[in-house]
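Read the structure below first, then the notes.
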Amino acid sequence: MCSIKKNIEQVMEHIDRATQKCGRPEGSVQLLAVSKTKPIEAIAEALAAGQHAFGENYVQEGVEKVQHFAQHAAHSALEWHFIGPIQSNKTRQIAEHFDWVHSVDRLKVAKRLSEQRPAHLPALNVLVQVNTSGEMSKSGVAFEEAEALVEAIAQLPNLTVRGLMSIPQPETDYAQQCAAFAPLADMFSALKAKYESVDTLSMGMSGDMEAAIASGSTMVRIGTAVFGAREKR
Ligand SMILES: *Cc1c(COP(=O)(O)O)cnc(C)c1O
């Protein structure tokens, strides 16, 4: 019955094995459970199994879940990550309800998030989404422009720049997966040396988690392997 609990245990084991295999310290890769399209009950089950960080792609759906759990004091330890494409007319809701945003890819959106972040909340944690697949992908700032965007975001008062995120074109070949992650990992190392707040590299999903971890990911975003297949939206 507790299939989500079992799934989380298996995913955690998988993460630990991959982390050990490439000689990285235990616990250096976090699991972000991607709960988009999944009901409150599924999130509650994951929470009961010890999972605290959840990723949502759609603003309205995410806000409803954040508000539901905010009403339960015992659930205040939840951490909500917005990982979907951002329309600028939705920034206020994101700034008011989420703890992290992985998908910031332009300064206009970053400025709005900073302006709209409520004063009683801590700074919003931001990752810059980088397009590592060239013309194949529409989301993410161009690789060449990413460092300048990080620099501009670091000046904004109500945001904390935490690192980079990427969704490479799906590849089944391990070496090709690693090749797609490598430039981002290099940029992350350079940023980490420059900014004290930078500590998070969000890359790796169900199909490319091992390559992402071997390439230096600190946070993998896993949906299906935790919650099961999604309904078509
Ligand atoms: C849906 C989604 C995931 C999780 O995908 P799975 O294949 O279900 O593990 C990760 N990252 C982003 C940005 C997503 O939209």
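Counting begins at 1 with the first residue of the sequence. Atoms within a ligand are numbered from 1 in the order they appear, just like the ligands themselves.
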List every atom of ligand 1 that sits less than 4.0 Å from any heavy atom of [X], numbering the atoms from 1 in the order shown and giving each element.
X	answer
I222	9 (O)
G223	4 (C), 6 (P), 8 (O), 9 (O)
I83	11 (N), 12 (C), 13 (C), 14 (C)
I167	13 (C)
T224	6 (P), 7 (O), 8 (O), 9 (O)

Linking I/L/V/M/F/W/Y whenever any side-chain heavy atoms sit under 4.5 Å apart, do I83 and I153 land together?
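No, no single cluster joins them.
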
Review point. Closer than 4.0 angstrom: is that true for some heavy atom of H102 and an atom of ligand 1?
Key: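 Under 4.0 Å: no for H102.
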
| query | Got the closest protein heavy atom to atom 11 (N) of ligand 1, with its distance? | reply |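 So the nearest neighbour among protein heavy atoms is R221 NE, 2.9 Å.
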
### Task
Could you check atom 9 (O) of ligand 1 against the protein and tell me its nearest heavy-atom contact, residue, atom and distance included?
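For atom 9 (O) of ligand 1, the nearest protein heavy atom is S206 OG, 2.6 Å.
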
Item to check | Salt-bridge criterion met for K5 and E9 (N-O under 4.0 Å) | outcome: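 Salt bridge flag = yes for E9 with K5.
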
Checklist line | Residues D199 and K192 bridged, charged N to O under 4.0 Å | finding: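 Not counted as a salt bridge, because no side-chain N and carboxylate O are separated by less than 4.0 Å.
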
Can you tell me if Q67 has over 12 outside heavy atoms packed within less than 6.0 Å of its CD?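 Result for CD/Q67: enclosed.
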
Next item on the list: Tell me which one of H81, M205, K36 gets a heavy atom nearest to atom 14 (C) of ligand 1.
Entry: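 Ranked by closest heavy atom to atom 14 (C) of ligand 1, first place is K36.
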
Structural part of N57 in contact with ligand 1, heavy atom criterion under 4.0 angstrom
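Contact part for N57 vs ligand 1: side chain (C-beta onward).
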
* **Short side-chain donor-acceptor distance under 3.5 Å, S88 and R112** =>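 S88 and R112 do not have a side-chain donor-acceptor pair below 3.5 Å.
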
Are F54 and W80 near enough that their ring centres are under 6.0 Å apart?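 Between F54 and W80, the centre distance is under 6.0 Å.
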
- Just how far is it from atom CD of E151 to atom CG of L149, taken to the nearest 0.5 Å?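 Between E151 CD and L149 CG, I get 10.5 Å after rounding to 0.5 Å.
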
